[in-house]
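Notes to accompany the following structure.
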There are 2 protein chains.
Amino acid sequence: MYSQPESRVVIIEDDQTIREGYAYLINHTSPYQVVATYPSFDAAKHKISKDQPDVIILDIQLPGTNGIDALPQLKRLLPQVYIIMLTVYETEKTILDALANGASGYFTKNTPTAKLIEAIKDVLNGGGPMSPDVAKTVILSLQKNQDSPLTKRETQILELMTTGKDRGQIAKELFIEVETVKTHTKNIYTKLNVNTKAEAIQVAKDKRLV
Amino acid sequence: MYSQPESRVVIIEDDQTIREGYAYLINHTSPYQVVATYPSFDAAKHKISKDQPDVIILDIQLPGTNGIDALPQLKRLLPQVYIIMLTVYETEKTILDALANGASGYFTKNTPTAKLIEAIKDVLNGGGPMSPDVAKTVILSLQKNQDSPLTKRETQILELMTTGKDRGQIAKELFIEVETVKTHTKNIYTKLNVNTKAEAIQVAKDKRLV
DNA sequence: CAAAAAATCACCCTTTAGGGGGTATTTTTT
DNA sequence: AAAAAATACCCCCTAAAGGGTGATTTTTTG
């Protein structure tokens, strides 16, 4: 899909100043048009389909239905729409939730309008935008713990455990005996101070060992 | 950390044209200096510590040790260094592996030098850069399957299962009885055509249901 | 409002994957 | 040469998982 000058933007944001500020700037400094703005998702949901937006700029901290919960509903209402999230908070969890729920991008409110406009262009051209700060968070969240107490093989086995594979499958996959897998898991449990697979997986995810 | 004019850059890239091209452009059109370039990781590993780089631009397709495998070693050698990956391929797996192994950013070789320089600035200032295409891939990889056969509750339970929690823990967490959890898992298994927890988790991860 | 879908809870019965303990050889690293 | 990692076996035991069946309540939706 190519970015058409007539691409339609809808803003859902409770803060009037921000809402109107962005709307004004987008309308006057970009080829896109803000066809509607709403102060809440609840106010938007019955009308937004008629707006036929290509891009929705969606705040997270909304009165009533929040942005995270609104996301899947908007996606259902308008499957083709690109959604750019707006927020003041940048906790990892929130961001990942937003992305996982179908946001095309993510920005904070101090994002300059120019950046936002560029982001609109980017999503319309098929590349999802991501602010450096957010990218950083995502990256960090994907990084493994550097100083793991586990050996390479143990990490490998723990990894396979988290995928739901049982000892037999793990053994087959690594071309070793089931008993060897067992020995490794015992050592893993000792090192992680746990004594069940479930706990091990939890610790592994928690400490980013896998 | 702030971007200092004297920030030191090392390039590891086998293609001489690209290597020298980037080096020349960075040296002449940015405040950063390329203090060394190497055609392979193997050629770099014994000398790179002395280069004291702040940023390493690392190609993935290298002769000998490839960039992905070089990543953790470089991180071990120079824990503070920022690494920007360079590649022609953009398969999801490769990218995620790179990010997971500690890359600060990710670019393709047709990235204009200006962008690369900006990326260097970004990483030095604490924001990891990420090209729109890559961001898109990451985002897509994080997105859940929209048309899951599972209900909300079932998805929720499947999610908890993947974290290694047992029925008891899941029940407690959702304020329901163990028997209810069991019923849900049965339904999940039926819908996913599996009959063990392990299989369910594998299908879930495979089809991005969680 | 009525029907359908989703979520809740219960009892029976069977199996096995997982976990504890101990020992030992080979390979790789340092 | 010593240490660390990876490999492999044996015995024992049970908690958790899985199959079957049935039923009530809540929520969603046409």
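Lettering of chains follows the sequences in order, A, B, ..., and the numbering in each one begins at 1.
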- Task: Quickly work out the A/Asn195 CG to D/dC13 C1' distance and round it to whole Å.
- Result: 15 Å
- Query: Can a donor-acceptor pair under 3.5 Å be found between the side-chain atoms of B/Lys152 and the base atoms of D/dT27?
  - Reply: no
- Check B/Glu13 against B/Arg19 and note the closest heavy-atom contact, atom names and distance. O-NH1, 2.9 Å
- Item | Under-3.5 Å donor-acceptor pair between B/Lys182 side chain and D/dG19 base | yes
- Query: How long is the line joining CG of A/Asn193 and C1' of C/dG19, in whole Å?
  - Reply: 16 Å
- Item | A/Leu174 CG to C/dT27 C1', straight-line distance once rounded to whole Å | 17 Å
- Examine C/dA7: is either OP1 or OP2 under 4.0 Å from a nitrogen or oxygen in the side chain of B/His184? Give yes or no. no
- Message: Counting only side-chain nitrogens and oxygens, does B/Thr180 get under 4.0 Å of the OP1 or OP2 atom of C/dT8?
- Response: no
- Task: To the nearest 0.5 Å, tell me how far A/Asp166 CG sits from B/Glu199 CD.
- Result: 9.5 Å
- Within less than 4.0 Å of OP1 or OP2 of C/dA7, is there a side-chain N or O belonging to B/Thr151? yes
- Task: Please report the shortest heavy-atom distance between A/Ser49 and A/Leu78, naming the atom on each side.
- Result: CA-CD2, 4.2 Å
- Note on the structure: As its Watson-Crick or G-U partner within any shown strand, both distances under 3.5 Å, C/dT30 has D/dA1
- Message: Could you tell me how far apart B/Met161 (CE) and C/dA17 (C1') are, to the nearest whole angstrom?
- Response: 16 Å
- Task: Rounded off to whole Å, could you give me the NZ-to-P distance for the B/Lys165 and D/dA17 pair?
- Result: 13 Å
- Message: Pick the closest DNA chain D nucleotide for A/Phe175 and for B/Arg167 by heavy atoms, then say which residue is nearer the 5' end.
- Response: A/Phe175
- Without hydrogens or angle criteria, can the side chains of B/Asp59 and B/Tyr38 be said to hold a donor-acceptor pair below 3.5 Å? no
- Query: Quick one: does A/Glu177 reach the base of D/dC9 with a side-chain donor-acceptor pair under 3.5 Å?
  - Reply: no
- Nearest to side-chain heavy atoms of B/Thr196, which nucleotide of D/dG20, D/dG18, C/dG19: D/dG18
- Pick out which of B/Val181, B/Thr185, B/Ile176 makes a side-chain contact (heavy atoms from CB on, under 4.5 Å) with B/Ile170. B/Val181
- What's the closest nucleotide to the B/Arg153 side chain, out of C/dA7, C/dG18, D/dA6? C/dA7
- Message: How many whole angstroms separate atom NZ of A/Lys197 from atom C1' of D/dT14?
- Response: 17 Å
- In whole angstrom, what separates A/Gln169's CD from C/dG18's C1'? 14 Å
- Message: Any donor-acceptor pair, under 3.5 Å, between the side chain of B/Lys186 and the base of D/dG20, if you only look at N and O atoms?
- Response: yes
- Task: Check the distance between C/dT16's C1' and B/Asp166's CG and give it to me in whole angstrom.
- Result: 16 Å
